[in-house]
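So you know, we letter chains A, B, ... as the sequences are listed, proteins then strands, and number each from 1.
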Amino acid sequence: MIPDEPTHELEAQRRRNRDAAASLGFEPYGRRTDGLIPIARARGMYDPGADAAVQAAGRSPPAGFVDPRPRARVAGRVMLHRDNGKLVWMNLRDDTGDVQVAVSQKDCTGGNGRGFDLAKATDLGDVLTAAGRVTRTRTGEITVWAEELDAAAKCLVPPPEKHAGLHDIEIRYRRRYVDLWSNPETLGVLTLRSRIVARMRRFMEDRGFLEVETPMLQTLAGGAAARPFVTHMNALGLPLFMRIAPELYLKRLLVGGLPRVFEINRNFRNEGLDKQHNPEFTMLEAYQAFGDVETVMELTESLVRDAAAFVRSARDPGAGDGGIVLPFGDLRIDYARPFERVGYGDLFARAYGFEMTDVARARAELARMRPGLAATVGRMDDASVVNELFEDKERGGEARLDPSRPTFITGYPSAISPLTRPSRVNPAIADRADLFIAGMEIAPHYTELNDPDVQAAKFREQLRGADAGKSDEESTFRTFDEDFIRALKVGMPPAGGMGLGVDRLVMILTDQRTIRDVILFPLMRPEGASPGGPSERE
RNA sequence: GAGGGUGUAGCUCAGCCUGGUAGAGCAGCGGACUUUUAAUCCGUCGGUCCCGAGUUCGAAUCUCGGCACCCUCACCA
C-alpha cells in the first residue's frame, strides 16, 4: 500500500468497518483458530433426527433436554449478507463449498459476546469464523446457527458483483486471488490440475521411476529446438540460459546408472504465446533404460488413461466402471479404447494423394500452396519440404486425425528427428511416435540415441543447418554439448524416452480451451505501463 | 507480425451506428425489519467514459495515434 495514495470511498468505508470491529474487541486480522472443519464437512454433519428432536421439544424444552444437533466451527469468506435487523444471514465460502450462517442477536452470545455486532459491521469478502449448531431453516437450507462469530481477515477491496461474479478475463488472470474464491469453476479446475499432477507422480513412482530435479539454469540450453531465455549470473560473471528441456541431464542420469528417471517441472521457451503456449510450461519427461519407443508409448498410454479415469471419478464419483469418456469442447474423447496408431507416411499419402517419397511432387505442391515460400523451397532439404506439407494446419497429416481419438503418429522420417535413433529395420525412419489428442500434440516418444559418434555427428549437422539460410536468432540456440557427448562415451544403456506436456493434457482432461485457464498465474504484460506514466495500483 | 473485437461507477453491463454534456442492477451510505436465499421496503452518494491528439459551437459517441486484453491467422514444439 502506498501511504499517501488517496483511498477509494469504498475502501475508506471498509476501513471504518474494520476499525469498528476492532473497537468491539475483535482482532480484525484474526488469530490462530483450532478445531475448524471444512464447510462441506460441516454440511455433511447435518442430522435430521437431531433437528426433529429439537422441534419436538418445542419452545420450552423439558428440564434436562440436551440439544443433540452437532456443533461445527467453520471459516470462510462472506459471499452474501442479508441483514434482517436482529437476525443477520450470511453465506460463507471456503474451498469446499458454501454454507449459510445465521447470526441472531439472541443466540450469538459466545466468544467475546459481540458476535452479533460483528455481523452488523461485516462487509462482503471479509473472512470470518463461525461456530454453532448445524441445523436447517424453514426453507430447508443447511445453516450454522452461530453461537460465536470471530473476525479472521478484513477485505478492504470491494469484491466482484455477488451474482454475476468476476467476468473480466484480464482481471481474472491478473488477480487470481480474487478469481479463485469468487469463481468456483476456477478453483475447481486449478485444484483438479494439482491432483492430476499428484496422481501422475504416483503412477510414475509405482512404475519404478525415480523423480529427480535437474538444472533449470544451464550454461547451454539443449534438448530441444527452441529459443531460450537468457540471464546472467553475477557471482561467476556467467551468461546463463533458462532450460528449454531437461533431456540432456536426464540422460546423463541413465549413464550414471539410474534406470528409470522422470522429472515434472517447468521449461522455458522464448517464443510466442497463444492458446496452447505459455512461455513457462510444465513437462513430464521420463527415460527408461532398456526400453524403446514402444515401451514409453505404453507408459504414456497407461498414464493418460489413469489420469483420465481419475478425472472422471473426481467429476462423477458415483460413475460405474464403464468407459472413460471425457468432454473437450464439442468432442467426447474416449480414453478407455486402445489409442490409435497411424504412420507418418500413411497420413501424408492420405492427405495429399501421393507418397512422401515423391519429393519432386512434394516440392511442387509446397511451392503451389505457399507462394511466399516459393523462393526458399529450392534451398530446403527433402525432409523439411515433406514435413512442411505434413504440418500444414488445414491440409496436412495432423489435420487428418480424429481429434476425439488419442492417436500416436509413428514412423517419422529420421531427417526431422535429429536426437532420435533410426529404426533398425529402416534407417530412414526414426523410432519416434507423437501422441495427439484433440488435435494437440501432447507427448513425443523416442528410442533414444546413445551412440556418441552418431550423436556428435547429428549435433554437427544441426549446427551446419543453422548456419545455412537460417536467421541469427534461430541459430543461437543450436549448441554442441561436449559434456553430453562425453557422457555418452561413458556408455548410456539403450532407452526409451518421452516428454508429456502437462498443461495441455490438463486442458484436455478438464475441458479448458486455453492453457491460461490451467495455469495459476499465466504470464501477463505488466499493468499500467502506458506512456502516460506508470500508475501505481496494487 | 496481420486482421477483427473489447475497454463507460468497486463489480456486471446499457448508451456509441444517428454528436447535445452519463445511465441501470448489484455493492456502498442513512433508515425499517428475528427464518432470509441475488432478502425486501424507503431515502441517498458514487465517473480520468483506457491514454493522447484532431474534427466540431459541442465528443463516451466521429477521425488519427498509443496502451492493455480477447478472438482468428501467421510464427513457434
Can you measure Asp168(A) atom CG to rG10(B) atom C1' for me and round it to whole angstrom units?
13 Å
Send over the distance from Met79(A) CE to rA39(B) C1', rounded to a whole Å.
17 Å
Contact class for Asp107(A) vs. all strands (heavy atom < 4.0 Å): base, sugar-phosphate, or nothing?
nothing
Between rG28(B) and rC17(B) - P atom distance, rounded Å
35 Å
Who pairs with rG3(B) - Watson-Crick or G-U, where each distance is under 3.5 Å:
rC71(B)
Looking only at atom C1', what distance separates rC45(B) and rU6(B), rounded to whole Å?
30 Å
Counting the atoms with a prime plus P, OP1 and OP2 as sugar-phosphate, which does Gly165(A) contact under 4.0 Å by heavy atoms, base, sugar-phosphate, or nothing?
sugar-phosphate
Would you classify Asp434(A) as touching base, sugar-phosphate or nothing, given that sugar-phosphate means primed atoms plus P, OP1 and OP2, and contacts are heavy atoms under 4.0 Å?
base
Report yes or no: is the cationic atom of Arg77(A) (NZ for Lys, CZ for Arg) under 6.0 Å from the centre of the six-membered ring of Trp181(A), at an angle within 45° of the ring normal?
yes
Tell which nucleotide pairs with rU36(B), taking only Watson-Crick or G-U wobble pairs whose two distances are both under 3.5 angstrom.
none
Given atom CZ of Arg172(A) and atom P of rU12(B), what is their separation to the nearest angstrom?
11 Å
Below 6.0 angstrom between ring centroids: does that apply to Phe241(A) and Phe229(A)?
no
Does the structure show a Watson-Crick or G-U wobble partner for rC76(B), both distances under 3.5 Å? Name it, or say none.
none
Between rC64(B) and rC69(B), how far is it from one P atom to the other, in whole Å?
23 Å
If you look at every strand shown and take non-hydrogen atoms under 4.0 Å, does Arg513(A) touch a base, only sugar-phosphate, or nothing?
nothing
Among rA68(B), rC70(B), rU12(B), the nucleotide that comes nearest once only the side chain of Leu166(A) is considered
rU12(B)
Name the residue from Arg82(A), Glu141(A), Arg136(A) that meets the side-chain hydrogen bond (donor to acceptor under 3.5 Å, both in side chains) definition with Gln100(A).
Arg82(A)
Quickly work out the Glu161(A) CD to rA38(B) C1' distance and round it to whole Å.
8 Å
Side chain of Gln100(A), base of rU36(B): donor and acceptor closer than 3.5 Å?
yes
In whole angstrom, what separates Lys275(A)'s NZ from rC69(B)'s P?
17 Å
Should Phe262(A) and Leu250(A) count as side-chain neighbours, where that means a heavy-atom distance under 4.5 Å?
no
Round to a whole Å and report the spacing from CH2 of Trp89(A) to P of rU34(B).
12 Å
Determine whether a donor-acceptor pair (one donor, one acceptor, N or O, separation below 3.5 Å) exists between the side chain of Arg138(A) and the base of rU35(B).
no
If we take the P atom in both rG23(B) and rC49(B), what is their distance in whole Å?
14 Å
With Val518(A) as reference, evaluate Leu509(A), Val506(A), Ile508(A) under the side chain to side chain contact (heavy atoms under 4.5 Å, CB included) test and give the passing residue.
Val506(A)
Phe408(A) and Glu340(A), any side-chain heavy atoms less than 4.5 Å apart
no
Quick check on RNA chain B: between Glu398(A) and Arg525(A), whose nearest nucleotide comes earlier from the 5' end?
Arg525(A)
Using purine N1 to pyrimidine N3 plus N6-O4 or O6-N4 for Watson-Crick, or N1-O2 and O6-N3 for G-U wobble, both under 3.5 Å, which nucleotide pairs with rG58(B)?
none
Same-atom distance (C1') from rG47(B) to rA27(B), integer angstrom:
16 Å
Which base sits across from rG47(B) as a Watson-Crick or G-U pair, both distances under 3.5 Å?
none
What does Arg174(A) touch in the nucleic acid at a heavy-atom separation under 4.0 angstrom: a base, only the sugar-phosphate, or nothing?
sugar-phosphate
Of Glu170(A) and Gln13(A), whose nearest nucleotide on RNA chain B comes first from the 5' end?
Gln13(A)
Quote, to the nearest angstrom, the C1' distance that separates rC71(B) from rG46(B).
34 Å
Heavy-atom closest contact (Thr122(A) atom, Val78(A) atom, distance):
CG2-CG2, 3.7 Å
Rounded distance (Å) that lies between atom C1' of rC75(B) and atom NE2 of His277(A)
10 Å
Taking the C1' atom in each of rG4(B) and rU18(B), what is the distance between them to the nearest angstrom?
24 Å
